[in-house]
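A short write-up of the structure that comes next.
Naming convention: chains lettered A, B, ... in sequence-line order (proteins, then strands); numbering from 1 in each chain. Owing to the predicted nature of the structure, the values given are computational and were not obtained by experimental measurement.
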Protein chains: 2
Amino acid sequence: MDTGDGLRIDFPHRELLDQILDKWSLSVLDELCERPCRFNELRRSVPQVTQKSLTATLRRLERNGVIDREVVSTRPVAVRYRITPLGKTLRAPVEVLLAWAAENTPAISRARDAFDAREDASGS
Amino acid sequence: MDTGDGLRIDFPHRELLDQILDKWSLSVLDELCERPCRFNELRRSVPQVTQKSLTATLRRLERNGVIDREVVSTRPVAVRYRITPLGKTLRAPVEVLLAWAAENTPAISRARDAFDAREDASGS
DNA sequence: CTGTATCCTCTACGATACTG
DNA sequence: CAGTATCGTAGAGGATACAG
């Protein structure tokens with residue numbers, strides 16, 4: 001299946017998940033759930049993101065309707081990003097997933113350690 | 001932050017989500033939630049995945065403790081993949097996320113159409 | 001301040017061939 | 001049957017410079 005975005009889809013909603021759970025989106029959404037932010041405020045909140053990637057992330061989230069972009073035509077211009085009602089509904093499912101991750105991090109760490117130990121043993 | 005996997009982490013559990021929600025993992029986990037599968041059964045269940053990618057996906061999931069790999073030393077060998085108890089606990093959170101996606105697909109489609117229409121208008 | 005525009009690197013992934 | 005090995009490509013994303 002081809003979505004026209006050049007993506008092959010095998011699983012229902014895979015493309016959508018890619019757009020809203022991508023590298024920087026959760027950080028941005030997390031911040032915008034707290035308060036509306038301007039572009040450079042977001043940069044400071046997520047120090048590792050580059051300008052280019054932040055712009056791309058914001059455009060993608062805006063296109064999917066989870067955030068909203070308002071240009072204030074002052075001089076120099078100000079841009080205010082906000083979470084939308086649709087965006088707010090995304091918070092709960094994401095929290096559920098993050099809660100799972102937090103809760104199971106110890107078990108996962110043990111699994112990784114065990115796996116890596118097996119690898120080392122068979123590799124030597 | 002560097003995890004030793006060469007990944008920069010900005011958001012809690014980002015690396016873990018990348019390993020478990022990646023391109024093919026949900027398809028594989030979905031299948032293994034139904035029944036244990038052998039390697040080629042999985043290939044048939046997920047026809048678009050290549051042998052190489054399926055192997056990589058299975059190793060990653062195994063390392064994180066959500067699936068289990070059992071080698072049956074017959075001739076030729078058989079390999080049985082199964083979901084683990086930990087893997088089963090992942091199902092509910094993922095279902096919540098997919099339910100959100102299913103429920104909001106119409107709203108997201110409308111948002112995309114509106115965004116694209118705006119783009120076209122300003123671009124011309 | 002809020003972006004574009006280039007360039008460049010690095011990794012994910014597919015295609016294909018081969019192996020125990 | 002269940003992989004590994006090798007090669008090639010496309011795209012994500014960083015660094016940097018420039019612009020309205």
Distances for protein N or O near nucleotides 3-6 of chain C N or O, under 3.5 Å:
{"residue": "dG3(C)", "atom": "OP1", "partner": "R59(A)", "partner atom": "NH2", "Å": "3.2"}
{"residue": "dG3(C)", "atom": "OP1", "partner": "R69(A)", "partner atom": "NE", "Å": "3.3"}
{"residue": "dG3(C)", "atom": "OP1", "partner": "R69(A)", "partner atom": "NH2", "Å": "2.4"}
{"residue": "dG3(C)", "atom": "OP2", "partner": "Y81(A)", "partner atom": "OH", "Å": "2.6"}
{"residue": "dG3(C)", "atom": "N7", "partner": "Q51(A)", "partner atom": "OE1", "Å": "3.2"}
{"residue": "dG3(C)", "atom": "N7", "partner": "Q51(A)", "partner atom": "NE2", "Å": "2.4"}
{"residue": "dG3(C)", "atom": "O6", "partner": "Q51(A)", "partner atom": "OE1", "Å": "3.2"}
{"residue": "dT4(C)", "atom": "OP1", "partner": "R59(A)", "partner atom": "NH2", "Å": "3.4"}

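- Spacing between atom CG of D18(B) and atom C1' of dT11(C) amounts to 13 Å, rounded to whole angstrom units.
- E62(B) has a carboxylate O that lies under 4.0 Å from a charged side-chain N of R118(A), or vice versa, which qualifies the two as a salt bridge.
- Nearest-nucleotide positions on DNA chain D for V49(A) and P76(A) put V49(A) closer to the 5' end.
- Here R38(B) reaches the OP1 or OP2 of dA2(D): one of its side-chain N or O atoms lies under 4.0 Å away.
- For K23(B), a side-chain nitrogen or oxygen approaches OP1 or OP2 of dG14(C) to under 4.0 Å.
- One interatomic measurement links the two molecules: CZ of R14(A) to C1' of dC13(C), which rounds to 14 Å at whole-angstrom precision.
- When the side-chain contact (heavy atoms from CB on, under 4.5 Å) test is applied to R35(B), the partners found at least two apart in sequence or on another chain are E31(B), C37(B), E41(B), S45(B).
- Residues satisfying the side-chain contact (heavy atoms from CB on, under 4.5 Å) test with D113(A), not counting sequence neighbours, are none.
- The number of heavy-atom neighbours closer than 6.0 Å to CZ of R80(A), taken from other residues, nucleotides and ligands shown, is 12 or below.
- If you measure from atom CD of E15(A) to atom P of dA12(D), you get 12 Å, rounded to the nearest angstrom.
- Computed from C1' positions of five pairs at each end, the angle between the two local axes of the helix from dC1(C)-dG20(D) to dG20(C)-dC1(D) equals 50°, rounded to 10 degrees.
- When the side-chain nitrogen and oxygen atoms of S53(B) are compared with OP1 and OP2 of dA12(C), none of them lie within a distance under 4.0 Å.
- Atom CZ in R80(A) sits roughly 14 Å away from atom C1' in dC1(C) (whole-Å rounding).
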Side chains of residues 85-98 of chain B: which donor-acceptor pairs under 3.5 Å do they make with residues two or more places apart or in other chains?
{"residue": "T89(B)", "atom": "OG1", "partner": "W100(A)", "partner atom": "NE1", "Å": "2.9"}
{"residue": "T89(B)", "atom": "OG1", "partner": "L86(B)", "partner atom": "O", "Å": "2.6"}
{"residue": "R91(B)", "atom": "NH2", "partner": "E34(B)", "partner atom": "OE2", "Å": "3.2"}

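- Under the rule for a side-chain contact (heavy atoms from CB on, under 4.5 Å), the partners of T50(A) that lie at least two apart in sequence or sit in another chain are K52(A), S53(A).
- Between R75(B) and the phosphate of dC1(D), there is no side-chain N or O to OP1/OP2 separation shorter than 4.0 Å.
- Put simply, CG on L54(B) is 11 Å from P on dG14(C), counting in whole angstrom units.
- For the pair T50(A) and dA15(D), the criterion of a side-chain N or O lying under 4.0 Å from OP1 or OP2 is not met.
- Remark: A99(B) engages no residue in a side-chain contact (heavy atoms from CB on, under 4.5 Å) (not counting sequence neighbours).
- Take the nearest nucleotide of DNA chain D for R60(A) and for V77(A): the residue whose nucleotide is more 5' is R60(A).
- Residues passing the side chain to side chain donor-acceptor pair (under 3.5 Å) test with T84(B): none are found, sequence neighbours excluded.
- Base contact: N40(A) has a heavy atom under 4.0 Å from a base atom.
- Checked against salt bridge (charged side-chain N to carboxylate O under 4.0 Å, His left out), R82(B) has the following partners two or more places apart in sequence or in another chain: D68(B), E70(B).
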